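First up is the structure itself, then whatever we jot down about it.
Just so you know, these numbers come straight off a predicted model, no measurement behind them. Below, each value reflects all heavy atoms present in this structure, side chains not excepted, and no hydrogens, waters or symmetry copies.
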Amino acid sequence: MIKTIQKHITSEEIINYFKSKDIDENWSFKEYKRQETSKLTHGYHRYPAKFIPQLVEKLFDEYAFGEDVIFGC
């Protein structure tokens with residue numbers, strides 16, 4: 001059984017959160033070349049706004065804990 005916890009977060013709360021953060025260079029992926037950002041099926045279609053796999057992996061590593069389930073629709 002998966003528990004779902006939903007909390008409404010306002011756009012103002014999100015903006016304030018990001019304003020309170022310092023820039024963290026650990027989230028920079030500028031050292032990767034184009035051929036290094038096409039893992040598995042990621043390079044089948046060109047799409048200018050897609051996330052590079054390294055960013056998604058870092059997000060999972062940082063924010064998915066224990067029994068968290070992350071899925072897309």
Side-chain angles (χ1 to χ4, degrees):
M1 181 174 169
I2 299 173
K3 292 186 214 176
T4 303
I5 300 172
Q6 294 180 344
K7 177 186 177 211
H8 179 71
I9 300 173
T10 67
S11 58
E12 184 176 318
E13 288 175 308
I14 294 169
I15 291 168
N16 289 335
Y17 173 79
F18 282 105
K19 283 183 177 179
S20 72
K21 296 294 180 182
D22 292 327
I23 294 174
D24 183 350
E25 290 298 322
N26 290 322
W27 286 88
S28 173
F29 301 96
K30 60 187 173 191
E31 72 274 6
Y32 289 101
K33 296 177 180 149
R34 179 178 291 279
Q35 62 267 27
E36 296 174 303
T37 61
S38 296
K39 293 183 177 186
L40 303 172
T41 60
H42 205 76
Y44 283 176
H45 303 288
R46 299 224 14 160
Y47 180 70
K50 69 182 173 185
F51 292 122
I52 63 171
Q54 290 84 355
L55 174 62
V56 177
E57 288 172 351
K58 182 131 176 99
L59 288 167
F60 283 171
D61 291 345
E62 292 286 323
Y63 298 107
F65 301 106
E67 297 178 11
D68 287 353
V69 176
I70 300 173
F71 62 94
C73 298

Hphob cluster co-occupancy, [X] + [Y], side-chain heavy atoms under 4.5 angstrom:
X	Y	value
Y17	I9	yes
I23	F29	no
F60	W27	yes

If I take atom CG from residue L55 and atom OG from residue S28, how far apart are they, to the nearest 0.5 angstrom? 11.0 Å
Using the side chain to side chain contact (heavy atoms under 4.5 Å, CB included) rule, take K30 and E25 through it: C-alpha gap first, then chi angles, then the decisive distance, then the call. CA-CA 10 Å; K30 60 187 173 191; E25 290 298 322; 4.0 Å; yes
Just checking E12: does its CD atom have more than 12 heavy atoms from other residues, nucleotides or ligands closer to it than 6.0 angstrom? no
Enclosure of I14 CD1 (heavy-atom neighbours >12, cutoff 6.0 Å): yes
